[in-house]
Amino acid sequence: MTDVTHDISAVRRQVGTRTFKAGEARVVTVTRSYDAPLEDVWDACTNPERIPRWLLPVTGELRLGGRYQLEGNAGGVIERCDPPNSFAATWEYGGEVSWIELSLTSEESGTSFQLEHIAHVDDTKWAEFGPGAVGVGWDLMVRGLSLHLASGAALDPKKFMAWMASDEGRLFMTSSSEAWYAANVAGGEEEKTAREAADRTTAAYTGAGDGGDRNEGDAS
């Protein structure tokens, strides 16, 4: 339980908007510091041999202009790459296109990791789940990266799915959803709308309210 509290509090979450490509876009930002050199964090995030150890198997060409595909999840095109500090790519999932931008910065104690997920989302769809729709998935991702950087170990998919269905896993996802609720309100959303969206997000990730185990790693 203490580990869940630490993992949730270690992440800084922001919800906002910015002008991006076709117009006004929603921006969900996760930031976390890792006790690891910048070059190691960059390698973990871009090396196709290491990405499956904490995220998902990946195929494609991980280079500027290349197309990637995460197994069973998103794919896209790498639009910008400035090693070892940043990259940007499309995030294509479920017939929709959004964008991710990763920035790494050296700190005295290690590396600051910041990921922005940018999407053109209409108000009605946004109100349904809010930032937690992708935010909980990203919280799971940065937790996986933290475990990998600390130990060098590879993710065991069966153990990960079992953890998500466990009390601790459900607590993590519920706590993450609540943290995104707070970030949504801080970003200017009405409390009632944010509360309803967070409750739906929690149910989508944990299966609460439908009697089932819906263990999505990303409800986007």
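- Between Leu56 and Leu70, the shortest heavy-atom contact is O-CD2, 4.0 Å.
- Taking CG of Asn85 as the reference point, atom CD of Glu39 lies at 8.5 Å (rounded to 0.5 Å).
- Ring planes of Trp42 and Phe87: perpendicular class, angle over 60° (limits at 30 and 60°).
- We find the CD1-CD distance between Ile100 and Glu116 to be 11.0 Å, quoted to the nearest 0.5 Å.
- The ring pair (Phe, Tyr, Trp, His ring centres under 6.0 Å) search around Tyr34 returns Phe113, not counting sequence neighbours.
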Under 3.5 Å, which donor-acceptor pairs link side chains of residues 123-130 to any protein atom two or more places apart or in another chain?
from, atom 1, to, atom 2, distance (Å)
Asp123, OD1, Arg26, NH2, 2.8
Lys125, NZ, Glu96, OE1, 2.7
Lys125, NZ, Glu96, OE2, 2.3

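- Atoms CG and CG, from Leu140 and Asp7 in turn, are 10.0 Å apart once rounded to the nearest 0.5 Å.
- Across all non-hydrogen atoms, the minimal contact from Phe20 to Glu101 is CE1-OE2, 3.6 Å.
- A side-chain N or O of Glu92 and one of Thr90 form a donor-acceptor pair less than 3.5 Å apart.
- Using a 4.5 Å heavy-atom threshold, the side chains of Ser112 and Arg12 count as touching.
- Take Pro157 and apply the side-chain contact (heavy atoms from CB on, under 4.5 Å) test, not counting sequence neighbours, and it matches no residue.
- Shortest non-hydrogen contact noted between Val28 and Pro131 is CG2-CB, 3.8 Å.
- Smallest separation of non-hydrogen atoms from Ala194 and Val185: CB-CG2, 3.7 Å.
- We find that Glu61 and Arg63 are joined by a salt bridge, their nearest charged nitrogen and carboxylate oxygen being less than 4.0 Å apart.
- Cation-pi contact between Arg143 and Trp163: present, with separation from the ring centre below 6.0 Å and deviation from the ring axis of at most 45°.
- Under a 4.0 Å N-O distance rule, the pair Arg32/Asp139 does not qualify as a salt bridge.
- The two residues Val77 and Tyr68 make their nearest non-hydrogen contact at N-CE2, 4.0 Å.
- Checked options Thr206, Thr174, Thr201; the residue passing with Val136 is Thr201 (criterion: side-chain contact (heavy atoms from CB on, under 4.5 Å)).
- Heavy-atom minimum distance, Ser176 versus Gly135: OG-O, 4.2 Å.
- The shortest distance between side-chain heavy atoms of Phe172 and Asp3 does not fall below 4.5 Å.
- Looking at Thr111 and Leu149, their side chains never come closer than 4.5 Å, going by heavy atoms from C-beta outward.
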